[in-house]
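Quick note: residue numbers are just sequence positions, from 1.
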Amino acid sequence: MSGRWTPGIGDPGVVGWATAILYLIAAGLCAAVSTRGARGERRFWAVVALAMLALGINKQLDLQSLFTQLLRDDALRHGWFAERRSLQLAFILAVAAFGAISVLVLRRRLSVLRRNMRLAAGGVCLVYTYVLIRAASFHHVDRFINAAVLGARWNWIIEIGGILIVAIAALRELRVPLQEAPAP
């Protein structure tokens, strides 16, 4: 393999396809919730549905590898490839900090939102943070996320866990009768 990104199915294995399907299921559940409730709630669930759909498409097209390849090419072209490790580490730390700050901001700003919406927002943050860190392709991180615990790789646990959090939040929201508006 040349290491170059090429259009095609990025993760053709069983877990890859299952993950992509889970993204689509979560997107569908969020889309179903987006037809209910107040305008702001509908908009929130529609945005989460679009995010899940985009991540599902990315899962199989492997667009973060294209992003990584473009950055690698740029680094070689402009002579800063030798410093890539420190830049990758800075990127991962920035993404981790952004993820942590996002959770704190969401926790504070979304406190007026219903519990299931907060849960879905946390799941989306988890998955997007994972995808961004994965895009950095930092070998120490790759070793960690490819390590297994009880036969399951950490990248499966993190990505599928985030998707399931979103899907569970949407399912719980769908179970709430429309006339009932639970407290935040």
Side-chain angles (χ1 to χ4, degrees), residues 1-28 30 46-107 109 120-167:
M1 182 169 186
S2 70
R4 305 277 315 160
W5 181 86
T6 57
I9 301 301
D11 195 350
V14 173
V15 175
W17 279 109
T19 305
I21 290 167
L22 284 173
Y23 273 121
L24 297 178
I25 290 169
C30 292
V47 168
V48 175
L50 288 173
M52 291 290 103
L53 179 61
L55 286 165
I57 291 168
N58 176 65
K59 178 66 180 174
Q60 288 307 54
L61 293 182
D62 199 21
L63 297 175
Q64 74 270 9
S65 293
L66 172 60
F67 173 73
T68 301
Q69 184 63 53
L70 292 172
L71 285 177
R72 184 178 297 125
D73 291 348
D74 196 49
L76 287 168
R77 187 171 29 259
H78 293 99
W80 50 270
F81 189 76
E83 289 84 37
R84 73 187 181 282
R85 297 284 183 235
S86 58
L87 293 172
Q88 286 172 324
L89 179 59
F91 177 77
I92 288 171
L93 292 174
V95 168
F98 177 76
I101 290 168
S102 294
V103 167
L104 293 174
V105 168
L106 284 171
R107 190 174 160 88
R109 298 225 183 234
V124 170
C125 284
L126 177 64
V127 174
Y128 266 102
T129 301
Y130 163 76
V131 169
L132 288 172
I133 288 174
R134 184 77 177 99
S137 188
F138 197 54
H139 297 294
H140 299 296
V141 174
D142 287 345
R143 272 188 246 139
F144 165 72
I145 64 175
N146 288 313
V149 72
L150 300 174
R153 290 176 17 195
W154 278 108
N155 63 336
W156 300 344
I157 294 167
I158 295 167
E159 186 173 23
I160 292 172
I163 299 166
L164 289 176
I165 289 170
V166 172

Chemist: What pairs with A54 under side-chain contact (heavy atoms from CB on, under 4.5 Å), at least two apart in sequence or on another chain?
Modeler: Y128
Chemist: Donor-acceptor pairs under 3.5 angstrom involving side-chain atoms of residues 153-167: please list them, not counting sequence neighbours.
Modeler:
| unit_1 | atom_1 | unit_2 | atom_2 | d |
| --- | --- | --- | --- | --- |
| R153 | NE | N155 | OD1 | 3.3 |
| R153 | NH2 | N146 | OD1 | 3.0 |
| E159 | OE1 | K59 | NZ | 3.0 |
| E159 | OE2 | Y23 | OH | 2.7 |

Chemist: A20 and Q60: which non-hydrogen atoms are nearest, and at how many Å?
Modeler: CB-CG, 3.7 Å
Chemist: Pairs of donor and acceptor atoms involving the side chains of residues 91-101, under 3.5 Å and at least two apart or interchain, shall be tabulated with distances.
Modeler:
none

Chemist: Using side-chain contact (heavy atoms from CB on, under 4.5 Å) as the criterion, list what pairs up with I57, not counting sequence neighbours.
Modeler: L53, L61
Chemist: For W80, what residues pass the side-chain contact (heavy atoms from CB on, under 4.5 Å) criterion, not counting sequence neighbours?
Modeler: D74, A75, H78, E83, L87
Chemist: Find the distance between CG (L55) and CG (L24) and round it off to the nearest 0.5 Å.
Modeler: 10.5 Å
Chemist: Is any side-chain heavy atom of V124 less than 4.5 Å from a side-chain heavy atom of M52?
Modeler: yes
Chemist: Which residues pass the side chain to side chain donor-acceptor pair (under 3.5 Å) test with D73, sequence neighbours left out?
Modeler: R4, Q69
